[in-house]
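Inspection log for the structure reproduced underneath, given as structure tokens.
This one's a predicted model, so the numbers in the text were calculated from it and none came from an experiment.
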Amino acid sequence: MEMATSLNSRQAALTCSGHTRPVVYLSFSPITKYGYYLISACKDGKPMLRQGETGDWIGTFIGHKGAVWGVALNHDASRSATGAADFMAKLWNAVSGEEIHSFPHQHIVRSVDFNKAGDKLLTGGSERILKVFDLNHFNAGLVSPSSLPVFLAMNNIQLTPSLYNNGSKHKCRHGVVPEPAVFKGHQGSIRQALYLNDSILMSASDDKTVSCTSSGGARFWDKRLEKDVRQLHFSTCPSSLELSPDRSTLVVAYGRSVGFWSVSGSDPCHLLQELSVPTSVNSASLHPSKSVFVCAGEDCKVYKYDYLTGVELECFKGHFGTIHCIRFSPDGELYATGSEDGTLRLWQTTVGKNYGLWRCGTSPDKSPNGEILDM
């Protein structure tokens, strides 16, 4: 673990080494009784798991034969999922590091996501379709027998299979499971797919629309209707999607803009605001308190803005290559970035606060936008 101090203020980013090629995606787990965790996807084909508060390496998932593009952790960080250029999505035991199952696809898998309960896996990629796999059939066979009852309870594993729009089945090491539910409609590669809830899926794609030959789209899919129920259009392809922790706000990075949509209530995609940034932005993340957001992209800089006013608060540089991904930790105390330079960096939300490996001395408590809070 290395510490690098930003040239423009006291921000001292922690550098997490270990990957040998560009880091293209990262994801935090929710807060568990053991803290929270960070998983990273890299073109070296070796996704890594780290302690979220410090960036300390825990382990590497070995098994893919191509660049890994998407990663996810379930609600208690007991399982992880990865999607890669070897046309595979993989389910892992995140405690032991063992592979539970491989889900073959017909093309590159660029995105994976668990539903809230952790019993469904969503995938998307160059096949231009979304797939939802039932994980109920993958029991805790890779977990020690003594911990099996706890593991089953933690993962909300059910013994009854779910219904799908395709009743055919295939074999796996844990028995027979149905084929995934399939959702078609995109005309281009899917960059990212997310669960809004158990009924609604979201996806961002490189596809072009009839009305604008150079535009990409973000779609909202209703699993009950098996079709997309709303579509957003952009002048450029959306590069990333993020849902706020309360699942009420969708953050989309596209071109030189970051947009925020309300996805709660009766209107599933009401535009809240759209802000321009100084660079072609690859990723953006909203603080859990919705007080600030961060974004990064082609110019290797990290920008922090006041969410309500749109005023730029801070700008830091530490990476030596394009920044592909940025995410706030679940407690909002830090945000992580992954770059073309092959490293992850951890940045303090409130510079100068003692947290994790940062020991900055005694200072007044501050809010995420830097204001001193009353004691």
Contacts of R128 meeting salt bridge (charged side-chain N to carboxylate O under 4.0 Å, His left out) (sequence neighbours excluded), chain-then-number -> none
Can you list the steps and then say if V277 with Y303 is a side-chain contact (heavy atoms from CB on, under 4.5 Å)? CA-CA 8 Å; V277 296; Y303 296 89; 5.7 Å; no
Can you name the closest pair of heavy atoms from C300 and T322 and give their distance? SG-N, 3.8 Å
Side chain S111, main chain A193, donor-acceptor under 3.5 Å: yes
Non-neighbouring partners of R21 that pass side chain to side chain contact (heavy atoms under 4.5 Å, CB included), sequence neighbours left out: C42, K43, D44
What is the distance from atom OG of S291 to atom CG of D306, rounded to the nearest 0.5 Å? 7.5 Å
Qualifying salt bridge (Lys or Arg N to Asp or Glu O under 4.0 Å) pairs with a residue from residues 326-336, counting only residues at least two apart or across chains: E242-R327, E333-K353
Minimum side-chain heavy-atom gap V132-L201 below 4.5 Å: yes
Consider only side-chain heavy atoms of I, L, V, M, F, W and Y, link residues closer than 4.5 Å, and tell whether V252 and L243 are in one cluster. yes
Just jot down the side chain to side chain donor-acceptor pair (under 3.5 Å) partners of D341, sequence neighbours excluded, or say none. H319, S339, T343
Run the salt bridge (charged side-chain N to carboxylate O under 4.0 Å, His left out) test against K46 and tell me which residues pass, sequence neighbours left out. none
L130 and L122: CA distance, side-chain angles, deciding distance, side-chain contact (heavy atoms from CB on, under 4.5 Å) verdict: CA-CA 7 Å; L130 299 178; L122 170 66; 4.1 Å; yes
Gap between atom CG of D86 and atom NZ of K65 - 0.5 Å precision: 8.0 Å
For the pair H64 (side chain) and G45 (backbone), establish whether a donor and an acceptor sit closer than 3.5 Å, ignoring hydrogens and angles. no
Using the salt bridge (Lys or Arg N to Asp or Glu O under 4.0 Å) rule, collect all pairs that involve residues 287-300, keeping only residues at least two apart or in two chains. D246-K290
What pairs with F87 under side chain to side chain contact (heavy atoms under 4.5 Å, CB included), at least two apart in sequence or on another chain? H107, I108
Applying a strict under-4.5 Å side-chain criterion to I, L, V, M, F, W and Y, I'd like to know whether Y25 and I323 cluster together. no
Atom OG1 in T123, atom CZ in F103: separation rounded to 0.5 Å? 9.0 Å
Should W69 and M88 be counted in the same cluster of Ile, Leu, Val, Met, Phe, Trp and Tyr side chains packed under 4.5 Å apart? no
Do P245 and F328 come close enough that some side-chain heavy atom pair is under 4.5 Å? no
Among residues at least two apart in sequence or on other chains, which ones pass side chain to side chain contact (heavy atoms under 4.5 Å, CB included) with P330? F28, I31, Y36
Is D113 reaching over with its side chain to a backbone N or O of Y195, donor-acceptor style, under 3.5 angstrom? yes
Where do V23 and S40 come nearest, in terms of heavy atoms and distance? CG1-CB, 4.2 Å
Not counting sequence neighbours, which residues clear salt bridge (charged side-chain N to carboxylate O under 4.0 Å, His left out) with E53? List them please. none
Between G338 and L26, what is the shortest heavy-atom contact and its length? N-CD2, 3.7 Å
Verdict with supporting geometry, L250 and L196, side-chain contact (heavy atoms from CB on, under 4.5 Å): CA-CA 9 Å; L250 174 68; L196 175 59; over 6 Å; no
Contact summary for G318 and F320, nearest pair of heavy atoms: O-CE1, 3.6 Å
Apart from V311 itself, residues in the same hydrophobic cluster as defined by side-chain heavy atoms under 4.5 Å: none
Check S126 against R110 and note the closest heavy-atom contact, atom names and distance. OG-CD, 4.3 Å
Closer than 3.5 angstrom, by distance alone: can the side chain of T349 be matched with the main-chain N or O of G332 as a donor-acceptor pair? yes
Show your reasoning for whether ring pair (Phe, Tyr, Trp, His ring centres under 6.0 Å) applies to H105 and F133. CA-CA 12 Å; H105 290 64; F133 295 89; 5.7 Å; yes
Is R79 close to L91 at the side-chain level, that is, under 4.5 Å between some pair of heavy atoms? yes
Does the side chain of T15 reach to within under 4.5 Å of the side chain of R345, using non-hydrogen atoms? yes
If you round to the nearest 0.5 Å, how far is CZ of F114 from CG of L121? 5.5 Å
What's the spacing between L271 CG and F260 CZ if we round to 0.5 Å? 10.5 Å
Without swapping roles, check the side chain of S283 against the backbone of I326 for a donor-acceptor pair under 3.5 Å. yes
Quick one: are W358 and L346 in side-chain contact, heavy atoms under 4.5 Å? yes
Checking the side chain of S27 only, and the main-chain atoms of I39 only, is there a donor and an acceptor separated by less than 3.5 Å? no
Do W92 and I100 belong to the same hydrophobic cluster, where Ile, Leu, Val, Met, Phe, Trp and Tyr are linked whenever their side-chain heavy atoms lie under 4.5 Å apart, directly or via other members? no
Side-chain contact test, heavy atoms from C-beta onward, threshold under 4.5 Å: evaluate it for Q348 versus T350 and give yes or no. no
Side-chain contact, heavy-atom cut-off 4.5 Å: S80 with F61? yes
Any side-chain donor near an acceptor of the partner, S280 and R256, under 3.5 Å: no
Which residues pass the salt bridge (charged side-chain N to carboxylate O under 4.0 Å, His left out) test with R191, not counting sequence neighbours? D206
Is a side-chain N or O of T32 found less than 3.5 angstrom from the main chain of D76, in a donor-acceptor match? no
Taking the side chain as every heavy atom from C-beta outward, state whether Y307 and Q273 have any atom pair closer than 4.5 Å. yes
V258, L313: one ILVMFWY side-chain cluster at the under-4.5 Å cut-off? no
Donor-acceptor contact present, side-chain S264 to main-chain R247, <3.5 Å: no
Calculate, to the nearest 0.5 Å, the distance between atoms CZ and NZ belonging to F316 and K304 respectively. 6.5 Å
How close do S205 and G188 get, heavy atom to heavy atom, and via which atoms? OG-O, 3.0 Å
Got a sec, which residues hit side chain to side chain donor-acceptor pair (under 3.5 Å) with Y254, two or more places apart in sequence or on another chain? E274
